[in-house]
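To start, the structure under review is shown below, and the notes come after it.
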2 protein chains.
Amino acid sequence: MKKVLAIQQKIIPEMIELLKKRYEILKNIYYNQPVGRRSLSQELNLGERIIRTEVEFLKNQGLVEVNPIGMVLTKDGEKILDELKEIIYVLNDYKHLEEKVQKLLKIKRVIIVPGDSEKDKTVLKEMGRACANYVKEILHEGSIISLTGGTSVAQVVENFPRISTKDVLVLPARGGIGRDVEIQANTLTANLAKKISANYRLLHVPDNISSETLETIANEPEVKEILEILSKSDLLIFGIGRADEMSKRRGMSPQQINELISKGAVAEAFGYYFNKSGEAIFRTPSIGINFYDVKNIKNVVAIAGGKNKAEAIVATKVNNPNMVLVTDEAAANEIINILQIK
Amino acid sequence: MKKVLAIQQKIIPEMIELLKKRYEILKNIYYNQPVGRRSLSQELNLGERIIRTEVEFLKNQGLVEVNPIGMVLTKDGEKILDELKEIIYVLNDYKHLEEKVQKLLKIKRVIIVPGDSEKDKTVLKEMGRACANYVKEILHEGSIISLTGGTSVAQVVENFPRISTKDVLVLPARGGIGRDVEIQANTLTANLAKKISANYRLLHVPDNISSETLETIANEPEVKEILEILSKSDLLIFGIGRADEMSKRRGMSPQQINELISKGAVAEAFGYYFNKSGEAIFRTPSIGINFYDVKNIKNVVAIAGGKNKAEAIVATKVNNPNMVLVTDEAAANEIINILQIK
DNA sequence: AACATAGGGACAAATTAGGTCCCGTATTTA
DNA sequence: TAAATACGGGACCTAATTTGTCCCTATGTT
């Protein structure tokens, strides 16, 4: 397969471009269906007419169905889309890219999804799906999964296939982070547990409270119990954020934010802020998984994409050789840029 | 590979035409190099401008080199051409075609080359090369190869790779057939022998002589010896011709030709004329391999292409289940037409 | 009932592809 | 040695295709 594609790239490169274009269109229809011609053209930055021509073609090929309410992929279309992913993967030599990033970050594995999640929302969905598939593979009876909040992890949950598991427990990695209920760790925990028919426990802690209150809460028997189980979790899924964005989203005061940034914080993950060297220089006052425990967890899966997250990804050093990173093409290339210049 | 191509046919069907076009161009440059733009455009029945655009592209890809004396394939170009053959092969599902024809003709194997040798001279060359490769594979120490004359067999010899063999003997299957020295069995025998550094013997017999003289010659000790070795040959390569064409080329009298055709002769091979039912109804007065011996030869390789040869191919029944046919796409399709209607 | 959004029709504008002729040059031929 | 041939490349015009744009009617939503 690799050989055929290499030959084709040499002899009919236009067609390979066309292949990518149609793949993008199919993918976008799939993730937004039912969707109209005009919104598609906006999403893809392609002229309306172009979309129209391509859609007409895809319709003739029986890959999309055109209804008055919008366009939908047919069964065939979904199948082709799935098969195209593999082709695109090989075409862009992601395997090679993955290995490169994996070696630079000195982690267990990197999974790269085509595209740029900043520019194309479906890429984030693909990342979620890729991550979900990976997690599904390593899940086993008795697994204790912990996860953080955030839009990326939300996509993992969203795209997690409904499966039935045995004796699996899902926990939030931290208590009450973020304001948007949809992407809070607790919400995601519950949703994932439902999808895989697992048990779950939640951690309810108010935002931005004093350290004394925090300690009191942490010593509550019920909370304490969860924290104990949490430290035994064998699978952690977490998103990586930029320090500037996350501190704002957490509702920190401008002074605090300034202090944080001036101290060199560039990344945030599971409540810790990291500087460029990968040192944890600040901890959000909350309860949850302990930084020093993370490095002993058997499977640590980070998810983050987009060029602007690259610096944060590089900075987030959990010092766990078992870490797996799910990211996108744009971030991967930028990570290489950052680390190879040094 | 098959799967990738199947997906691509669904999602970028335009690719196939383009791929074939560029393949044809590369192939034609290769077989005619150094060649100019204009003669190429004539050869391929494509506009001069279109050749120009394509050649410019191929030049940019580093596949052809453009000199003042003409265009030449680069090393890369040759490599790509070779690899493209495989793709074209799978794309057109020749494997399937080959099996179909093989079953219809009830022979051992059919090897099909893309294209139509009537319209494109390079196709005949490809057939020759394909045949040569097959023969090369089955050659072994002590092989006795016999071959007929004709343009097709000439291409086999022409495209035979230079190899060194041990104890191989090459013989003409028949004496003195045809006028064109270049494609006489004797010439081809000598040429092939040189290419594979084998021994050879020749059969010199004048054309169209009386049967008495023929017998006298056949009893000459030297000739007799060759005929005896000939009957022991284990590899026969022969071309198949149309009865009408061959009888003319052999210089038969109009009366004889008329008689032959009215008796239903449609095919000629190694000096025998066959009717539609595959019965040998006439034998050219000459000496050489015996029809009834042919069916006992271990490897019988026939080569013939072009739509108008299909009928002759079907008619030429040597009743040897070991026969292998090397032909082109056009003939193969026509053979199926003829035999499936019945 | 009004509104938003869907696909499809239509057509001009823009771009691209293709046909044709010419020119300078290098090589072969007379 | 000179003419002839065949080469690639430049130029230009035309045909064909692609693309942008606007409008229309239908359908589902508020």
Side-chain angles (χ1 to χ4, degrees), chain A residues 11-78 121-122, chain B residues 11-78 121-122:
Chain A
I11 199 83
I12 42 168
E14 315 93 301
M15 288 299 128
I16 300 298
E17 286 311 306
L18 190 59
L19 186 84
K20 287 184 186 173
K21 185 161 117 188
R22 295 201 172 141
Y23 163 72
E24 290 297 326
I25 294 175
L26 274 184
K27 191 183 66 173
N28 264 276
I29 295 177
Y30 179 67
Y31 280 114
N32 298 308
Q33 58 188 328
V35 65
R37 191 209 303 157
R38 279 164 266 251
S39 56
L40 247 192
S41 95
Q42 256 195 318
E43 198 75 24
L44 287 160
N45 275 322
L46 287 172
E48 179 193 324
R49 194 52 219 260
I50 292 180
I51 295 290
R52 210 160 136 189
T53 315
E54 293 302 332
V55 163
E56 250 158 34
F57 165 83
L58 294 170
K59 190 175 66 181
N60 285 333
Q61 295 296 98
L63 303 179
V64 312
E65 219 171 82
V66 177
N67 304 316
I69 69 158
M71 301 174 283
V72 182
L73 281 207
T74 62
K75 281 283 162 220
D76 265 23
E78 287 183 21
K121 281 176 278 172
T122 66
Chain B
I11 198 84
I12 42 171
E14 309 94 309
M15 162 195 83
I16 299 172
E17 289 311 307
L18 189 60
L19 195 75
K20 282 186 186 169
K21 185 160 110 189
R22 296 203 171 139
Y23 165 71
E24 290 296 326
I25 294 174
L26 274 183
K27 191 181 64 173
N28 264 276
I29 295 177
Y30 179 67
Y31 279 114
N32 299 307
Q33 59 187 319
V35 66
R37 191 209 305 157
R38 277 163 268 254
S39 55
L40 246 193
S41 95
Q42 256 194 319
E43 198 76 24
L44 287 162
N45 275 321
L46 286 173
E48 180 192 325
R49 192 54 218 261
I50 201 165
I51 294 290
R52 213 163 136 186
T53 315
E54 293 301 331
V55 164
E56 249 158 35
F57 165 82
L58 294 171
K59 191 175 65 180
N60 285 334
Q61 296 297 98
L63 304 179
V64 313
E65 218 171 82
V66 177
N67 306 315
I69 68 157
M71 301 174 281
V72 183
L73 281 208
T74 61
K75 281 282 162 222
D76 264 23
E78 287 183 23
K121 282 176 278 172
T122 65

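Naming: A, B, ... by sequence-line order, numbering from 1 per chain. As a basis for the values below, the full set of heavy atoms in this structure was taken, side chains included, without hydrogen atoms, waters or symmetry mates.
- Residues that satisfy the side-chain contact (heavy atoms from CB on, under 4.5 Å) test with Gln42(A), not counting sequence neighbours, are absent from this structure.
- Taking Glu65(A) as the reference, nothing meets the salt bridge (charged side-chain N to carboxylate O under 4.0 Å, His left out) condition, with sequence neighbours excluded.
- Residues forming a side-chain hydrogen bond (donor to acceptor under 3.5 Å, both in side chains) with Glu78(B) (at least two apart in sequence, or on another chain): none.
- Partners of Glu17(A) under the salt bridge (charged side-chain N to carboxylate O under 4.0 Å, His left out) rule, at least two apart in sequence or in another chain, do not exist in this structure.
- Glu43(A) has no carboxylate O lying under 4.0 Å from a charged side-chain N of Arg37(A), or vice versa, which leaves the two without a salt bridge.
- Where DNA chain C meets chain A (any atom under 4.0 Å from a heavy atom), the bounding nucleotides read 5' to 3' are dA6(C) to dC11(C).
- The salt bridge (charged side-chain N to carboxylate O under 4.0 Å, His left out) check on Arg52(A) picks up nothing, with sequence neighbours excluded.
- For the side-chain contact (heavy atoms from CB on, under 4.5 Å) test, residues two or more places apart in sequence or in another chain that qualify with Glu24(A) are Lys27(A), Asn28(A), Leu44(A), Asp120(A).
- Applying the side-chain contact (heavy atoms from CB on, under 4.5 Å) rule to Pro68(A) yields no partners; only residues at least two apart in sequence or on another chain are considered.
- Residues that satisfy the side-chain contact (heavy atoms from CB on, under 4.5 Å) test with Lys20(B), not counting sequence neighbours, are Ile16(B), Ile88(B), Asn92(B).
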Do any N or O atoms of the protein come closer than 3.5 Å to N or O atoms of nucleotides 10-21 of chain D, and which pairs are they?
residue : atom : partner  : partner atom : Å
dG10(D) : N7   : Arg52(B) : NH2          : 2.3
dG10(D) : O6   : Arg52(B) : NH1          : 2.7
dC12(D) : N4   : Arg49(B) : NH1          : 3.4
dG20(D) : O6   : Arg49(A) : NH1          : 2.9

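- Using a 4.0 Å cut-off on heavy atoms, the residues of residues 58-76 of chain A that approach DNA chain D are Pro68(A), Ile69(A), listed by number.
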Using residues 56-64 of chain A as the side-chain source, report each donor-acceptor pair under 3.5 Å to any protein atom, sequence neighbours left out, with the distance given to one decimal.
residue  : atom : partner  : partner atom : Å
Asn60(A) : ND2  : Glu56(A) : O            : 3.4
Gln61(A) : NE2  : Lys10(B) : O            : 2.6

